[in-house]
2 protein chains.
Amino acid sequence: MMASPIEGQARPIRLADIAKAAGVSHGTASNVFSRPEVVRAEVRERVKAVAEAMGYAGPDPKGRLLRAGKVNAIGVGTTEPLSYFFEDPFARVMMAGISEACDATGAGIALVSAANQEKLAWNIQSALVDGFILFCIEGGSRLVELTRERRLPFVALELGFHDETISAIGVDNIAGGRLAARHLAELGHRRFAVLSLTLGEDRTGFVTPEMVRSAVYTGTRDRLAGYFEELSRFGVDTTKIPIFETENEEKSTRAGLEAIFAGGELPTAILAMSDRMAMIAIEWLTARGLKVPQDVSVVGFDGVPDGALCDPPLTTIAQPITEIGRRAARMILDHDGTVRRETMGVELVVRASTGPAPKG
Amino acid sequence: MMASPIEGQARPIRLADIAKAAGVSHGTASNVFSRPEVVRAEVRERVKAVAEAMGYAGPDPKGRLLRAGKVNAIGVGTTEPLSYFFEDPFARVMMAGISEACDATGAGIALVSAANQEKLAWNIQSALVDGFILFCIEGGSRLVELTRERRLPFVALELGFHDETISAIGVDNIAGGRLAARHLAELGHRRFAVLSLTLGEDRTGFVTPEMVRSAVYTGTRDRLAGYFEELSRFGVDTTKIPIFETENEEKSTRAGLEAIFAGGELPTAILAMSDRMAMIAIEWLTARGLKVPQDVSVVGFDGVPDGALCDPPLTTIAQPITEIGRRAARMILDHDGTVRRETMGVELVVRASTGPAPKG
DNA sequence: CATTTTTTTTGGATCGATTCAAATTTCTGC
DNA sequence: GCAGAAATTTGAATCGATCCAAAAAAAATG
């Protein structure tokens, strides 16, 4: 047996090397780093000196990890690309909440995502985490299935569909819908249009009542139900309200607005199921010469910070996003094996995108 | 020896359990999952069936990791709290670039930070990553030292000081300074004030020429040098230009503006070393009844997206932030053991916060 | 100084996989 | 039916630490 031929690319120094060089057992060497108080001061210093001299990088977490069994990190997963976490306003606030809880306990955050489906599966399988928080905005069911296979605790956020077997944190969508609708109705509005999130399949366009009934996404359905329940109470014929399903992005939302304002009785108020759509709507209306809120009122949903900054500032149904993030993280961190479901309240934040219905 | 007394809380199933149950060696069992093509179809299906029946979660990455030696994830570290990554505009754009490179190679991202100094050390020591990207905005030297001990590749970003031994990506601060100064000088401005990033110690307030000379932070010093070189060329007496050192946040920046506009010859142009300060300045000036750019011009530094959205849109020196992020990630991902230093170019982005110097 | 108590140190077992040379089985061709 | 080639399977070794019961050394007690 000979030493590695090239000095330069020697393999990294292991704890066992230090132990041998210092003339102590590997148990003692380990203690020097992980429980220094149990080893005699003299020995401790000697070992440390040897480690220093040999350029030891400290106990390798890879080794420790296997023994410890716990990673002390939580994975946050989504089907969107990784940049989603840094670009999407909703995700960012959520992450701030998650970060807060992680900072407090010293846990790390690993971002899990992937460019394509195969990689996603692999990344979930190989993520070094103790549990997952899932952003189920899109492709939620696949994300959930993949994660379930890891048999680690996980919490679903913004889970569109209903599944009692998984932990989830959501908001009271019906109440949110009602709040938004009542606000507009009380301002005198009677002609509405809805900019809806997806109901099921990947499609965009106007939605029929049957489609609503058979909707897979209960979140969307509930918001709609909330809108309509409340509007009915004000005597509005909800069957006449146009509902346009978008993909919650610019193109399909604009298409929806075009369609809604194409003719017939124009709405004086728009119920948007996300702040994103609401803000796109405001921009579109303004560009079209319609004043918000004088001509058309717009109310959003989510309560992202950007809403306060747009012009006019957005009236919206605010979710306690940061708190949801905090709780989700805590659920993973102090997981006790039970399935937990929490429904958070929402609140109406009145800013300047809504006003009295125009006369006549 | 007896089976675990309580059925419910059995320890997780290991690959070895599957192997035994299926009557194959653990080598074969391992192959079923990691190299299915080498095992006979019949055996493969049998093992898979057993695994399924026993509720095996798939090969545990903790085990694989130790053997493989490579984590396939990069750590992004800072001394700021974790939420910094999701809230700071500059960091966000940088992260988007890093994400892009990681997405492309399937690498994961682990966020490393800490509430306090001890935890930071621990978190860096125990991060499961193949290398680090360091945001050295503040407390950079400590962050670098801590990371150096891990003996893993790392790249420093926004490294304030000069150290040839570490890989870093930065921008040409002198050129940036000159670009900003020339732009203003060409618009006819002759009376300036500088809102400066920190030069060394943690202090705020006006800065003397000696302090500039002995500055630790070469980034700050270089921007300043760029400003002054160019202004001298236009015949401006740079010794009279007030330089106010802030902590790049609201309070100290406002204090700086108060001090600068407290009396004497008021500046017609402000050179801010960050977009953050520039935007705070615009707000402050506007609130004070001074019109930007009619009364006072403001030019920032960084080129964060928010700058385009503020009112008036900010003229600034744009760094290729996303590209820096991409390169940093790539440096870690295809690390070859060499120390790499890159200096990226910057460009002047003229928007509406600068205009001709007011007459008289 | 012998005994008991306390503090340190030791070294084997373990965490959960992957790897690879060698052994075994199956397949080919004649 | 058999030799040789090809395809599978085996099982010991390894990755880098931590844990812990038992042994050894040091300190305290009578």
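Residue numbers start from 1 in every chain, and the chains themselves are labelled A, B, ... in the order their sequence lines are given, proteins ahead of strands.
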Report task. State whether A/Asp60 and B/Arg150 are salt-bridged, where the test is any N-O pair (Lys NZ or Arg NE/NH1/NH2 against Asp/Glu carboxylate O) under 4.0 Å. Result -> no

Report task. Check each residue of residues 120-132 of chain A for a non-hydrogen atom within less than 4.0 Å of any atom in DNA chain D, then write out the ones that pass by number, or none. Result -> none

Query raised in the report: Between the side-chain atoms of B/Arg40 and the base atoms of D/dT8, is any donor-acceptor pair under 3.5 Å?
Result: no

Report task. Please find out if less than 6.0 Å separates the ring center of A/Tyr84 from that of A/Phe90. Result -> no

**Report entry** Check: B/Val24 main-chain N/O paired with B/Thr28 side-chain donor or acceptor under 3.5 Å
**Finding:** no

Query raised in the report: When you measure from the side chain of A/Ser113 to the backbone N and O of A/Glu80, does any donor-acceptor pair fall under 3.5 Å?
Result: yes

Requested in this report: Check every atom of D/dT10, D/dG11, D/dG16 against the side chain of B/Thr28 and return the nucleotide holding the closest atom.
Outcome: D/dT10

**Report entry** Beyond-backbone contact of A/Phe135 with A/Met94, side-chain heavy atoms, under 4.5 angstrom
**Finding:** yes

Query raised in the report: Starting at the 5' end of DNA chain D and moving along, which residue's nearest nucleotide shows up first, B/Leu66 or B/Asn31?
Result: B/Asn31

Report task. Pick base, sugar-phosphate or nothing for B/Ser30, based on heavy-atom distances below 4.0 Å to the nucleic acid. Result -> base

Report task. Could you tell me whether the side chains of A/Thr343 and A/Arg341 share a donor-acceptor contact shorter than 3.5 Å? Result -> no

Query raised in the report: Under 4.0 angstrom, heavy atoms only, what part of the nucleic acid is B/Gly69 near: base, sugar-phosphate, or nothing?
Result: nothing

Query raised in the report: With a non-hydrogen cut-off below 4.0 angstrom, is A/Phe33 in contact with a base, only sugar-phosphate, or nothing?
Result: nothing

Query raised in the report: chain B on DNA chain C: first and last contacting nucleotide, 5' to 3', under 4.0 Å to a heavy atom?
Result: C/dC15 to C/dT19

Query raised in the report: Is the distance between the ring centroids of B/Phe85 and A/Phe86 under 6.0 Å?
Result: no

